[in-house]
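Read through the structure below, which is laid out as structure tokens, and then see the notes.
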Amino acid sequence: MTAVLSPRKARRNPAIILGLVCSGLALAASIVFYAGYWHFFRFLEARENIKSLESDFPGLEARLKTATRYYPLPAFYGELGRLRLQRAMAEIEFGQPEKGETYLDGARDSLQRAMAGNPLDYSFFWELSKVYFLHNYPLLTYSGKGRLLCREAVRRHPYNEFLFLNVLLVFFEQWPLLEAEEKDWLQANLRRVTTADPGFLDKLRRRWRQNYKETGRLESRLSELGLQD
């Protein structure tokens, strides 16, 4: 005799199946989430114990790439972008900027993925700006794109003092390349920040002096903006 499901059991079966499917999906998501973070934390541990960026780079990069394959978190892509950027900078310091171009391309790809996943994180825009400043080094071929990304970073975190000081160093160093609209942006944001912190220009002067051992160029450019004390 063939068993026949009662109408009540027939109605319950789809709910049970759906519950099992949902449980299975949740378990799978937990596994890939865990695997992604496991590889990311292994990367952090390895980074703390590197002997040299050049020799340890392949292993560090492999850890992060695996983490992103398991769990494409914007923070993972951001860290991968920073790592590749550091490797490119090392090549430039070694006097071989042409060898850094491949790493810069990889850094750009990773940071763009991070930005797409989390467009509110200012740090991805700031890091990507460095990629454009370094492409075709020592020429500033793509500096305009880099400065635009700096402005986007400030827009997302307008009262981050560390970020703004670094952006100011870039803009004042690249002063001859600035368009009138960029100088207007610089003036407006400096006034905004100095209104909240009257001692901010002194902080800027100290940072400039630390980097360039003089303040004459900075004072001249501040004067052009009407922002000297």
Side-chain angles (χ1 to χ4, degrees), residues 78 81-82 84-98 100-101 103-105 107-108 111-112 114-115 119-229:
R82 291 185 187 97
R84 288 169 169 169
L85 177 60
Q86 290 169 1
R87 187 68 182 84
M89 293 172 69
E91 291 295 346
I92 291 171
E93 290 176 4
F94 294 153
Q96 303 178 100
E98 68 284 352
E101 292 295 317
Y103 299 113
L104 289 173
D105 288 339
R108 183 184 61 229
L111 290 166
Q112 286 176 339
M115 288 163 53
L120 298 180
D121 192 324
Y122 77 93
S123 68
F124 302 147
F125 291 82
W126 168 239
E127 296 297 333
L128 185 57
S129 75
K130 300 175 190 176
V131 172
Y132 283 106
F133 292 139
L134 293 174
H135 259 307
N136 205 25
Y137 184 87
L139 301 177
L140 292 172
T141 308
Y142 304 104
S143 62
K145 289 184 178 180
R147 294 193 301 274
L148 182 59
L149 286 161
C150 286
R151 292 169 62 174
E152 287 298 317
V154 171
R155 187 167 71 86
R156 284 159 175 76
H157 206 327
Y159 289 100
N160 184 314
E161 183 178 288
F162 177 80
L163 169 67
F164 192 46
L165 279 171
N166 281 290
V167 168
L168 289 175
L169 292 180
V170 169
F171 273 64
F172 281 120
E173 175 60 26
Q174 296 182 12
W175 185 262
L177 302 176
L178 301 189
E179 301 287 344
E181 189 269 339
E182 291 178 288
K183 292 181 181 180
D184 290 343
W185 177 88
L186 198 58
Q187 182 186 61
N189 278 273
L190 270 167
R191 283 179 172 164
R192 171 181 61 82
V193 171
T194 54
T195 297
D197 179 5
F200 182 81
L201 287 181
D202 288 333
K203 297 175 186 177
L204 173 60
R205 291 184 178 101
R206 286 194 293 271
R207 281 292 305 278
W208 185 271
R209 187 179 292 108
Q210 288 172 1
N211 282 32
Y212 305 109
K213 312 305 179 186
E214 54 82 26
T215 59
R217 286 183 298 157
L218 175 64
E219 296 296 347
S220 173
R221 291 160 191 180
L222 286 172
S223 178
E224 186 174 333
L225 293 176
L227 288 162
Q228 279 189 312
D229 293 336

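Since we're looking at a predicted model, the values are computed, not measured.
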Item to check | Neighbour count >12 (heavy atoms, 6.0 Å) for atom CD, E179 | outcome: no

Item to check | Closest non-hydrogen atom pair, G146 against S129 | outcome: O-CB, 3.2 Å

Next on the checklist: salt bridge (Lys or Arg N to Asp or Glu O under 4.0 Å), that's the test. Do R221 and E224 meet it? Break it down for me.
Outcome noted: CA-CA 5 Å; R221 291 160 191 180; E224 186 174 333; over 6 Å; no

Next on the checklist: With heavy-atom distances below 4.5 Å as the criterion, would you say the side chains of F200 and E161 are in contact?
Outcome noted: yes

Checklist entry - When rounded to the nearest 0.5 angstrom, what distance separates CD in Q86 from CD in E93? => result 10.5 Å

Next on the checklist: Are the side chains of Q112 and R108 in contact, using a 4.5 Å heavy-atom criterion?
Outcome noted: yes

Checklist entry - Do you know which two heavy atoms are closest between L140 and F133, and how far apart they sit? => result CD2-O, 3.9 Å

Next on the checklist: Are the side chains of F124 and L128 in contact, using a 4.5 Å heavy-atom criterion?
Outcome noted: no

Checklist outcome for this item: Rounded to the nearest 0.5 angstrom, the CG-CH2 distance for N166 and W126 is 4.5 Å

Checklist entry - Would E173 and Y212 satisfy side-chain contact (heavy atoms from CB on, under 4.5 Å), going step by step from the backbone distance to the final call? => result CA-CA 10 Å; E173 175 60 26; Y212 305 109; 3.5 Å; yes

Next on the checklist: If I take atom CG from residue L186 and atom CG from residue L227, how far apart are they, to the nearest 0.5 angstrom?
Outcome noted: 8.0 Å

Checklist outcome for this item: Tightest non-hydrogen contact, residues L225 and L190, listed as CD1-CD1, 4.2 Å

Item to check | Taking every non-hydrogen atom, the tightest pair across A196 and Y159 | outcome: CB-CE2, 4.4 Å

Next on the checklist: Check E152 with R155, please: is the shortest side-chain N to carboxylate O separation under 4.0 Å?
Outcome noted: yes

Next on the checklist: I'd like to know if the side chain of R87 reaches the main chain of Y103, judged simply by a donor and an acceptor atom lying under 3.5 Å from each other, with no hydrogens or angles considered.
Outcome noted: no

Next on the checklist: Would you compute the distance between atom CD of E182 and atom SG of C150 and round it to the nearest 0.5 angstrom?
Outcome noted: 10.0 Å

Next on the checklist: Restricting to non-hydrogen atoms, name the atom on A107 and the atom on G81 that form the minimum distance, rounded to 0.1 Å.
Outcome noted: CB-O, 3.4 Å

Checklist entry - Does the side chain of R82 reach to within under 4.5 Å of the side chain of S123, using non-hydrogen atoms? => result yes

Checklist entry - So do the side chains of F172 and L222 get within less than 4.5 Å of each other, counting heavy atoms only? => result yes

Checklist entry - Within the side chain of S220, is there an N or O that forms a donor-acceptor pair under 3.5 Å with the backbone of R217? => result no

Next on the checklist: Tell me if a side-chain donor or acceptor on R151 pairs with a main-chain N or O of R147 at a distance below 3.5 Å.
Outcome noted: no

Item to check | Side chain E91, main chain E98, donor-acceptor under 3.5 Å | outcome: no

Next on the checklist: To the nearest 0.5 Å, what is the distance between CZ on R156 and CG on D121?
Outcome noted: 9.5 Å

Next on the checklist: Could you check whether any side-chain heavy atom of Y132 comes within less than 4.5 Å of a side-chain heavy atom of L148, counting everything from C-beta outward?
Outcome noted: no

Checklist entry - Just wondering, are more than 12 heavy atoms of other shown residues or ligands nearer than 6.0 Å to CE in M89? => result no

Item to check | Of L168, L169, L218, D202, the residue whose pairing with R207 passes side chain to side chain contact (heavy atoms under 4.5 Å, CB included) | outcome: L169

Next on the checklist: Just checking K145: does its NZ atom have more than 12 heavy atoms from other residues, nucleotides or ligands closer to it than 6.0 angstrom?
Outcome noted: no

Checklist entry - Is a donor on one side and an acceptor on the other found under 3.5 Å between the side chain of D197 and the backbone of V193? => result no

Checklist entry - Given side chains that start at C-beta, do those of D105 and H135 come closer than 4.5 Å, heavy atoms only? => result yes

Checklist entry - If you look at every heavy atom in W185 and V167, which pair is closest and at what distance? => result CH2-CG1, 4.1 Å

Checklist entry - Quick one: does E219's side chain get under 4.5 Å of R205's, heavy atoms only? => result yes

Checklist entry - To the nearest 0.5 Å, how far apart are CZ in F125 and CG in L111? => result 10.5 Å

